[in-house]
Amino acid sequence: GKARRLDDARGRYIEFCKSTFPNELDLRGMKIVIDCAHGAAYHIAPDVFHELGAEVIAIGRNPNGFNINAGVGATAPAALRAAVQEQGADLGIALDGDADRVLMVDAAGRVYNGDELLYVIVKDRINNAFAPVQGVVGTLMTNMALEVALKRMDIPFARAKVGDRYVLEVLQERGWLLGGEGSGHLLCLDKHTTGDGIVSALQVLSTLRRSGATLTEAVSELRLFPQTLINVRVAPGSDWQKNDALLAEKESAESQLGSDGRVLIRASGTEPLVRVMVEARDSELASSLAKRIADRLAA
């Protein structure tokens, strides 16, 4: 094979990102903090938002080869929260090291995860009579509140395995366009062929500019269910799926939750751990049920 240098790759990519933002809109008058996580977008993201008209304050843009994601970015949003409040910014955008994830922070310091941002994008597509939203793909960890909200809007919802690659696979299988994870991987397949934190952030910003709403207002009808996640260490090769006491406890919890929550028990793909997750409208109930199930698993 052959390799050749593309000297204007940075400029081309900046223009591509900007092309996913509506021509009739801009970001003038907005003060935005961009956290680049000392990663891939450190010399791209600030220029994209600046060229669309925003006043940009960039943090996490000094990579040294070792500090990627170190105390900054989407995996550590406290740095962005502090910068937004210190600078009096309207909004904060946190990317991760390889820039395929995005989280946001509003002026009050509240962090918005991928489930909430996906909801904002979907709602905008419906309200503005764009191409019909045929369905949305989340993962096993997607908050149940999003599923409930989509059901209210008569939008089909499917869960994939955890990981944006699996979300993409289900989207392609079903011919749908929108999906994502709570961790901030968002997919808008009418804008890009894969997840891209800058492009995803621009889709959220376009909805806010079009509606004039704040992030808080945009997600006001979405009330995330409290989630409790407990990791239980098991012996390698443990056949925990045949633990009758565990299965009985799970069934009991599901019966108690009814349609107001769910239970998920899954093995970690990288460690000898089993993850017990319970969602409920009440945080104390989620915590108590998760502990009961985890205790059965550990016994």
Side-chain angles (χ1 to χ4, degrees), residues 13-22 25 27 30 32-37 39-42 44-52 54 56 58 60 69 73-75 77 80 90-106 111-126 128 130-131 133 136-139 141-143 146 150 160 162-168 170-172 176-211 213 215 218-219 222:
Y13 181 47
I14 289 172
E15 290 304 313
F16 166 74
C17 291
K18 288 162 55 182
S19 75
T20 68
F21 193 79
L25 300 176
L27 300 178
M30 290 194 76
I32 301 175
V33 178
I34 309 292
D35 185 345
C36 303
Y42 80 99
I44 301 289
D47 286 352
V48 171
F49 297 95
H50 171 72
E51 291 181 19
L52 287 170
V56 174
N69 288 325
T75 58
L80 178 63
D90 300 302
L91 203 67
I93 298 170
L95 306 172
D96 64 336
D98 59 354
D100 62 347
R101 288 169 52 180
V102 62
L103 299 181
M104 289 191 176
V105 172
D106 66 14
V111 178
Y112 296 77
N113 70 13
D115 291 342
E116 294 170 298
L117 300 181
L118 179 58
Y119 171 79
V120 171
I121 294 171
V122 172
K123 187 178 175 184
D124 179 66
R125 299 288 180 98
I126 295 170
N128 290 282
F130 297 139
V133 178
V136 173
V137 177
T139 73
M141 296 301 292
T142 296
N143 196 285
L146 178 60
L150 293 172
V162 175
D164 57 326
R165 61 171 288 188
Y166 300 113
V167 174
L168 178 59
V170 176
L171 285 172
Q172 292 173 333
W176 297 351
L177 299 176
L178 302 175
E181 297 187 282
S183 61
H185 289 122
L186 301 180
L187 293 157
C188 301
L189 297 187
D190 56 346
K191 300 297 181 182
H192 206 343
T193 58
T194 187
D196 184 303
I198 297 173
V199 171
S200 299
L202 290 174
Q203 305 319 299
V204 176
L205 289 177
S206 69
T207 73
L208 302 183
R209 297 304 269 179
R210 197 170 5 248
S211 66
L215 263 178
V219 302
L222 180 70

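We count residues from 1, following the sequence as given.
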(message) Is there a salt bridge (Lys or Arg N to Asp or Glu O under 4.0 Å) between Asp47 and Lys18? Walk through the geometry before answering.
(response) CA-CA 10 Å; Asp47 286 352; Lys18 288 162 55 182; over 6 Å; no
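- For the pair Glu181 (side chain) and Thr139 (backbone), a donor-acceptor distance under 3.5 Å is absent.
- Rounded to the nearest 0.5 angstrom, Leu186 CG and Gln203 CD are separated by 9.5 Å.
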(message) Does Leu177 form a side chain to side chain contact (heavy atoms under 4.5 Å, CB included) with Leu171? I'd like the steps, not just the answer.
(response) CA-CA 6 Å; Leu177 299 176; Leu171 285 172; over 6 Å; no
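- Partner Leu202 forms a side chain to side chain contact (heavy atoms under 4.5 Å, CB included) with one of Thr207, Val102, Leu52, Leu25 and no other, that one being Leu52.
- For the pair Glu51 (side chain) and Val48 (backbone), a donor-acceptor distance under 3.5 Å is absent.
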(request) Please step through side chain to side chain contact (heavy atoms under 4.5 Å, CB included) for the pair Cys188 and Ile121, ending with a clear verdict. (result) CA-CA 9 Å; Cys188 301; Ile121 294 171; 4.2 Å; yes
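- Taken to the nearest 0.5 Å, the CD atom of Glu116 stands 4.5 Å off from the CG atom of Asn113.
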(request) Tell me, with the steps shown, if Val133 and Leu150 meet side chain to side chain contact (heavy atoms under 4.5 Å, CB included). (result) CA-CA 10 Å; Val133 178; Leu150 293 172; over 6 Å; no
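- With hydrogens and angles ignored, the 3.5 Å screen pairs a side-chain donor or acceptor of Asp115 with a backbone N or O of Asn143.
- Proximity of a side-chain donor or acceptor of Asp35 to a complementary backbone N or O of Gly73 within less than 3.5 Å is detected.
- Minimum heavy-atom separation, Gly97 to Ala37: N-CB, 3.8 Å.
- Judged purely by atom type and a 3.5 angstrom limit, Asp124 has no side-chain atom pairing as donor or acceptor with the backbone of Val120.
- When all heavy atoms are compared, the tightest approach of Tyr112 to Val219 is CE2-CG2, 3.6 Å.
- Salt bridge absent: Arg101 and Asp196 never bring a charged side-chain N and a carboxylate O closer than 4.0 Å.
- A donor-acceptor pair under 3.5 Å links the side-chain atoms of Ser19 to the main chain of Phe16, judged by distance alone.
- A pairwise comparison of heavy atoms in Gly180 and Leu118 identifies N-CD2, 3.8 Å as the closest pair.
- Atom-to-atom distance recorded for Met104:CE and Ser200:OG is 8.5 Å, nearest 0.5 angstrom.
- Here the shortest heavy-atom pairing between Gly179 and Val136 reads CA-CG1, 4.4 Å.
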(request) Tell me, with the steps shown, if Leu205 and Ile93 meet side chain to side chain contact (heavy atoms under 4.5 Å, CB included). (result) CA-CA 10 Å; Leu205 289 177; Ile93 298 170; 4.0 Å; yes
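- Interatomic distance, OG of Ser211 versus NZ of Lys123, reported as 8.5 Å (0.5 Å rounding).
- The distance from atom CG of Asp96 to atom CG of Leu103, rounded to the nearest 0.5 Å, is 8.5 Å.
- With hydrogens and angles disregarded, no donor-acceptor distance shorter than 3.5 Å links the side chain of Asp164 to the backbone of Val167.
- Annotation for Thr20 and Cys17: closest pair OG1-O, 2.7 Å, computed over non-hydrogen atoms.
- In this structure, NE2 on His185 lies 13.0 Å from OH on Tyr166, to the nearest 0.5 angstrom.
- Here the closest non-hydrogen pair linking Val170 and Ala160 is CG2-CB, 3.7 Å.
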